[in-house]
Amino acid sequence: MKENITGAEALMRSLENEGVSTLFGYPGGAIMPVYDALYDHKNRLNHVLVRHEQGAVHAAQGYARVSGRVGVAIVTSGPGATNTVTGVADAMIDSTPLVVICGQVGAAMLGTDAFQEVDVVGMTQPISKWNYQIRRAEDVAWAVSRAFFIASSGRPGPVVLDFARNAQVAKVNYEPAHVDFIRSYVPSPKPNPDAIAEAARLINGAVKPFALIGQGVELAGAGAEVRELLEKAQIPAGCTLLGLSALPTDHPLNKGMLGMHGNLGPNVMTNQCDVLIAIGMRFDDRVTGNLNTYARQAKVIHFDIDPSELSKIVHADCKVLGNCKETLAALLPLIEPTTHQSWIDGFAPYAEREYVKVIHPAIHPAEGPLLMGEVVRAVSEASHHEAVLVTDVGQNQMFGARYFQYSKPRSIVTSGGCGTMGFGLPAAIGATFGAPDRTVCLFVGDGGLQMTIQEFGTIMEQGAPVKIILLNNNYLGNVRQWQAMFWNHRYSFTPMMNPDYEKIASAYGIPSRTVVDRAELNEAIAEMLSTDGPYLLQCAVKEEDNVLPMTPPGANVDEMLLEIK
């Protein structure tokens with residue numbers, strides 16, 4: 001029997017119908033009917049009150065990335081909606097499934113410049129997978145079900161629902177909706193046997209194959225299939241930033257991170273392989289460097305679920321469209337077991353050279369101030385390489401990605417394509433709700449932390465057990481490094497005057513400690529990890545430390561600098 005309820009109540013029931021248990025948000029005038037309805041659902045829908053709407057979206061991203069479920073954020077109209085735009089754009093480029101619900105003025109007032117009215121649909125259309133303005137209570141159940149289907153299927157992404165106030169308060173004879181088919185939308189194309197056969201032919205004939213592992217492997221849950229392919233054909237692999245935990249760090253065929261600040265061997269060997277196998281990655285410019293020289297000698301096989309990515313940046317000789325868990329499963333029986341030992345051995349001299357010149361000095365410095373690399377590696381080892389790494393953006397991100405180690409999937413949460421400073425703290429909060437059984441370690445710089453430091457209030461209220469490792473170098477470190485390398489050391493507005501972070505943490509009831517002497521580092525990390533709930537560990541690190549190796553912008557992918565003179 002249908003029940004006559006408000007559109008706001010219909011939203012609550014529709015969210016529950018989609019299996020939502022946690023959502024992040026901030027109330028306001030145009031979304032107040034929804035929050036009133038939420039009052040009666042507090043036992044079933046855990047609402048996390050953030051301190052800024054941008055924090056709501058980033059927290060929903062962190063939740064989604066570690067859990068594999070759709071993250072949900074609810075905000076009001078006007079500035080509440082506009083404050084979500086950065087997070088929506090970030091989720092779009094990093095393929096994160098979100099449903100963002102924004103309040104809106106009543107349908108009769110649309111276009112009148114009413115108080116806190118903005119064109120949410122127009123703003124978010126280019127940066128979302130789908131958006132829709134709900135003007136009638138009758139459309140709530142359908143719109144919510146469609147939103148979750150689109151956000152979570154195919155290549156995931158953000159969906160924005162603009163919820164007019166009249167639709168929130170109007171009554172509707174509610175019944176649940178279930179959308180699992182849209183005529184014009186093919187989320188997971190059926191694998192093409194001919195393309196898979198051609199991929200097998202190229203891989204079986206390769207002498208120097210090399211695989212590029214992206215986040216698409218994690219999103220598809222295809223880690224086992226990837227490992228079976230690599231092991232059966234003995235193919236070395238490199239991982240993109242967002243794909244780092246798709247393959248355990250200690251897997252013998254994992255040769256490290258790709259890209260501008262990746263490992264030397266994978267970058268150099270990209271331009272020496274004869275077959276390049278890209279799986280669930282999009283050939284970002286930070287990975288390819290100079291496209292005119294990128295892997296020109298190789299036949300390229302590209303596995304991806306999004307047809308728009310195939311040959312978009314790098315020409316693919318073999319395009320394998322579809323969910324890579326399915327396409328790899330179809331490929332595996334066609335792959336001939338083989339060895340490429342001499343080719344695999346070719347990575348070793350580069351790994352040794354990088355270790356001697358860069359890695360060992362970064363994690364085992366003989367003297368001087370603390371280094372970011374040694375802090376990251378020490379935290380990783382103390383957590384037995386089982387924690388979730390969350391980073392902000394900048395040097396903390398690159399040092400974190402390079403020196404943290406991964407043993408489980410869905411273990412890295414960072415802003416890749418958008419590079420959003422301020423992402424880390426709210427994303428880490430969301431990750432604690434998405435993976436409550438795991439330790440969440442946030443590495444953040446002094447610049448990025450101050451962008452969303454108000455979310456300490458969310459940590460205080462929720463008791464979110466984020467382990468915050470503040471790598472404080474009193475600089476906007478990544479920009480400073482570029483100014484040192486390319487702008488003649490003209491440090492234009494990159495030195496930072498910082499507050500007393502321990503006093504701020506204390507005001508929010510967050511235990512904290514500052515480490516300057518490396519003799520105290522391991523003991524301080526142990527204290528942080530053994531403390532129930534949140535903790536802030538501030539590490540006073542070398543002010544002018546640099547992330548190396550580095551492929552300079554515009555350079556060939558194999559032209560990596562191991563030192564800055």
Side-chain angles (χ1 to χ4, degrees), residues 49-52 54-55 58-59 365 368-376 378-379 382 390-397 399-400 420-429 432 439-481 491-545:
L49 177 65
V50 296
R51 298 309 189 258
H52 191 284
Q54 182 177 347
H58 291 330
L370 280 170
L371 300 182
M372 295 190 205
E374 70 174 310
V375 174
V376 172
V379 172
V390 184
T391 81
D392 205 77
V393 167
Q395 287 187 318
N396 65 86
Q397 178 184 37
F399 276 112
T420 303
M421 286 184 67
F423 171 90
L425 184 61
I429 293 170
T432 65
T439 300
V440 175
C441 295
L442 165 67
F443 289 90
V444 61
D446 42 309
L449 181 60
Q450 291 188 74
M451 285 194 170
T452 50
I453 198 168
Q454 73 280 345
E455 299 306 331
F456 275 10
T458 307
I459 291 176
M460 175 181 65
E461 183 170 335
Q462 300 293 330
V466 182
K467 309 305 182 186
I468 306 164
I469 302 96
L470 170 58
L471 301 173
N472 190 347
N473 60 4
N474 298 303
Y475 272 104
L476 296 176
N478 214 41
V479 182
R480 181 214 56 76
Q481 178 171 335
Y491 294 159
S492 179
F493 298 98
T494 46
M496 294 284 288
M497 179 176 287
N498 280 301
D500 187 327
Y501 290 105
E502 284 202 76
K503 286 183 178 178
I504 294 173
S506 177
Y508 285 99
I510 300 172
S512 64
R513 178 172 175 174
T514 296
V515 173
V516 177
D517 187 343
R518 67 171 41 88
E520 301 177 17
L521 179 61
N522 288 333
E523 189 266 329
I525 291 171
E527 178 182 305
M528 174 185 71
L529 294 177
S530 64
T531 299
D532 290 335
Y535 193 99
L536 171 67
L537 177 61
Q538 177 176 215
C539 297
V541 296
K542 182 179 178 181
E543 289 195 346
E544 296 192 40
D545 199 2

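What you see below is based on every heavy atom in this structure, not just the backbone, and it leaves out hydrogens, waters and symmetry mates.
A pairwise comparison of heavy atoms in P465 and T432 identifies CD-CB, 3.8 Å as the closest pair. Contact detail for N498 and D446: the closest heavy-atom pair is ND2-OD2, 3.0 Å. The shortest heavy-atom contact between R480 and D545 is NH2-O, 2.8 Å. The heavy-atom pair separating L370 from A540 by the smallest distance is CB-O, 3.6 Å. Among all heavy-atom pairs drawn from L371 and R518, the shortest one is N-NH2, 4.2 Å. Residues P511 and T531 share a closest heavy-atom pair of CG-CG2, 4.3 Å.
Once rounded to the nearest 0.5 Å, the distance linking CD of E527 with CD of E520 reads 10.5 Å. Here I453 contributes atom CD1 and I459 contributes atom CD1; the two are 10.0 Å apart, rounded to the nearest 0.5 Å. Between atom CG of residue L536 and atom CD1 of residue I510 there is a gap of 7.0 Å, rounded to the nearest 0.5 Å. Between the CE atom in M372 and the SG atom in C539 there is a gap of 10.5 Å [rounded to 0.5 Å].
Not counting sequence neighbours, E543 has no partner by the salt bridge (charged side-chain N to carboxylate O under 4.0 Å, His left out) test. Taking the ring pair (Phe, Tyr, Trp, His ring centres under 6.0 Å) definition, one finds that F456 meets it with Y508, sequence neighbours left out. With sequence neighbours left out, the side chain to side chain donor-acceptor pair (under 3.5 Å) criterion links T494 to Q483.
Screening E455, E461, Q462 for a side-chain hydrogen bond (donor to acceptor under 3.5 Å, both in side chains) involving T458 leaves a single residue, E455.
A salt bridge links R513 and E523; the closest N-O separation between the charged side-chain nitrogens and carboxylate oxygens is under 4.0 Å.
V444 places a side-chain heavy atom less than 4.5 Å from the side chain of I468. V379 is not listed as a side-chain neighbour of K467, based on a closest heavy-atom distance of 4.5 Å or more. The shortest distance between side-chain heavy atoms of Q54 and Q454 does not fall below 4.5 Å.
Within a 6.0 Å sphere centred on CG of D532, heavy atoms belonging to other residues, nucleotides or ligands number 12 at most.
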